[in-house]
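Counting starts at 1 for both ligands and their atoms, in listed order. Just the heavy atoms: all of them, side chains too, but no hydrogens, waters or symmetry mates, feed the values below. We count residues from 1, following the sequence as given. Quick caveat, the model's predicted, so the values are computed rather than measured.
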Amino acid sequence: MPKTNLTLDAEQAAFDQEVADIKAWWESTPKQRQLKRPYPAERIAALRSSIKQKYPSSDMALKLWAQMSEHEKNGTAELTFGTTDPIQAGVMARHQQTIYVSGALCGYSRVSQPGMDHADYPWDTVPGVVNQIFRSQQWQDQRQRQFRFLYPKAERKGLEHWDFLTPIVADGDMGFGGLTHTMKMTRAFVEAGVAMFHLDDLAIGTKKFTIGEGRTVIPTSEYLSRLTAARMQIDIMGAETILMCRCDTDHAGYITSVIDPRDHAYVLGATKPVEPLTTVLARALASGADYLAAQKEWIASAELKTFDGAVAAVGTSSPDGVAAYQAAIKQAGSSTLSLSDRRALAAKHLPEEVYAQLFFDWDLSRTPEGAYRFAPNVDAVISRALLAARLGEVTWARMDYPDPSDIDVFHKAVRAVHPDRKFGFGYTGGFDWLKAGWTAEEVKEFPWAACKKYGIVWHVQPIWALQGFRRAVQDFSYLWQKGGIASYMNEVQAKELNTTYPGLIARPVPDEQDEVDADDGAEADGYARFRFSGAYLADALLETATMGVEGDQKGLLMGQGVVRGGGLIRLG
Ligand SMILES: C[C@](O)(C(=O)O)[C@H](CC(=O)O)C(=O)O
C-alpha cells in the first residue's frame, strides 16, 4: 500500500520543477555563475528532502558577498580578527564588518579537553560556537531595536545605530574526517548561521605545523572531493553560504598519497640506493639512538630530490639532454605529468648511459605513517587554487611566511585566470614582515594595497584572542591588583557608563527625563544601572505578555514595578 497520496505524475512534476529552479538559481547571479559544479541539478534535486527550508546563513552570505564586492570595487578591505566569545563579537560590530571564529581558538578554549591548533576536537565544535555567536548577535539586534523604539522617530537619529548582524566567517579546517563528516559539518555551519567558512587541504589528524614538524597535505583529487562535498551539501540545502577554498600547500612537508599525478612534480625521493627510512628509524628506536638525529643522517645520505631535480643532478654531463627533457615536460604540461610519464621522457631525452645512472625512489623516503615527502613551490599552490576556484567563491592561500614574491605571483596568477576572484588573507601571530623583505611603509599599506593589487578583500588576524586579549587581560589584572576599586572606577566603569554602545546607554527615555530629574540621586543611579544591564528588553517582553492582565495584579506579575517606562514601545 502506498503511504503517500502523491501521484506519480505529481511527484515527477514537483521534481522537474525543483530541477528547473536549481538550474535557474545557479545561473541567477555572478556569485552563482562563477561556480562550476561537477554534478547536475537532477542529482541535487534527488538528494533534497521534500521540505524546503530557508536559512539565515544565506542572508548573511549575501550580505558578506555585497560587502566584499563593494571593497573590491573601491579598493578597500575588511580587517577582522578571531574570537570565540559572543560579548567580544558584539563589541567588534562597531569597527568590523565580519567576525572570525578560529579553529585554533576553539580548540584552545571552547572544548572539554583543550589543546593546541591540531584540529583534534569534534566536527561540530566550531559550528556550535558560530551558533552561539549568531544567536547573541540576533539578541543584540533585537535589544537595540526595542531600545530604539522607546524613542519617537525624530529622536532616534541621535542614537548610535550599529549593525550587530555581522557576517560570521568560520574555520572548517580540513572537514574533520571523511566526506560525510565534511557534509555534516557543512550542514551544521549552514544551520548555525555562518556566512562563509573555509576548508583546506590538510590531512586529517596531522595538523601540527604550529610546532614546526611540517604540514601534511592530501592529494589534489582528495582536496577537490572535500570541497565538492561541502558545495554539494550547501546546494542540497539551497543555501548561499560562501565556501572559501583555503590551500595549505605552501611549504607543506608531506603528502599522504601519490595517487594524483598532478602532485608528482613535487614529491621527493631518494636519489641514492639507501635503506628505507622506516628501517633506519625502527633500528634507531630499538637501540635507543636519537630518532631525529637518525632521520637527519638518513636524509643527508638519501640526497632527496624531486624527479626533475634528480634528472638535473644526474645530467650534469649532458646539459643538452636535460634541456630536451625539460622542454618535453613543459610541452606535455609539466604540472599534470605522472612520474611514469616523466621517466619515459627522461629515457627518451637523456643519453642512455646518463639515464642508466638515474636513481629515484619515493617509497624509500616514506614516513612511518606512510606519507611521502613533499616539496611544493608556489606553482603547486596556484594549480590547486585554480582547480578549486570552480567549487568555492573565495580563495585563501595560507602561507607560513609573508614572502612578497609568493604573495605577488600567487594572486596575480589566479587573477589572470579569474579576473574577478576575491581573496582572503590570514596573518599568523608569528609573521615577521620586515625580515621577509617588506619595508615598514609597505607593511602599513598592505591591507589596502593588497586589495587594489590582488583582490584581497578580507583580512584576518585569527588568533588575536591569544595575543591581543591576553595582553588586555594582563594589563587589567595588573591595574586591578595595584589600584583596586579606584582604578576600576576611573579606568573601566567611568568609561563604560558613558559608552555609546547602542542600547547600553545610561540615558533615560526622553518622556521620563523630568521624572528622573525629580528623583533623588540614588534612584537616578538605579535607573542608569537598569539601562546599562539591558534589562528593558525583558521588561518590554513582560509588559507585552501581561497586556491582558488587569489592575494591581499586573504590577505583581511584572516584578515590583521594575518596568517603569522600560518596556513601553513608543511609535512616533
Ligand atoms: C586560521 C587558523 O586556522 C585558526 O585556527 O585560527 C590558524 C591560525 C594560526 O595558526 O595562526 C591557521 O592559520 O592555520
Where ligand 1 meets S102 - atom numbers and elements under 4.0 angstrom, heavy-atom basis: 4 (C), 5 (O), 6 (O)
Ring geometry between W433 and F425 (parallel below 30°, tilted from 30 to 60°, perpendicular above 60°): tilted
Any N or O of D173 closer than 3.5 Å to N or O of ligand 1: no
Numbered atoms and elements of ligand 1 in range of A104, under 4.0 angstrom, heavy atoms: 4 (C), 5 (O), 6 (O)
Subset of ligand 1 atoms that lie under 4.0 Å from at least one heavy atom of T428: 11 (O)
Within 45° cone and under 6.0 Å: R366 NZ/CZ vs W362 ring: no
Numbered atoms and elements of ligand 1 in range of P462, under 4.0 angstrom, heavy atoms: 1 (C), 6 (O), 8 (C)
Among R398, H118, M116, R215, closest by any non-hydrogen atom to atom 9 (C) of ligand 1: R398
H198 vs D171 side-chain heavy atoms within contact, under 4.5 Å: yes
Any Q97 side-chain heavy atom under 4.5 Å of D163 side chain: no
Sidechain-backbone polar pair: D201 side chain, D248 backbone, donor-acceptor under 3.5 Å: yes
N/O separation below 3.5 Å, Y427 to ligand 1: no
Y100 heavy atom under 4.0 Å from ligand 1: yes
R415 side-chain N/O to R421 backbone N/O, donor-acceptor pair under 3.5 Å: yes
From the candidates L202, D117, D248, the one that places a heavy atom nearest atom 10 (O) of ligand 1: D117
Aromatic plane relationship, Y121 with F176 - under 30° parallel, 30 to 60° tilted, over 60° perpendicular: tilted
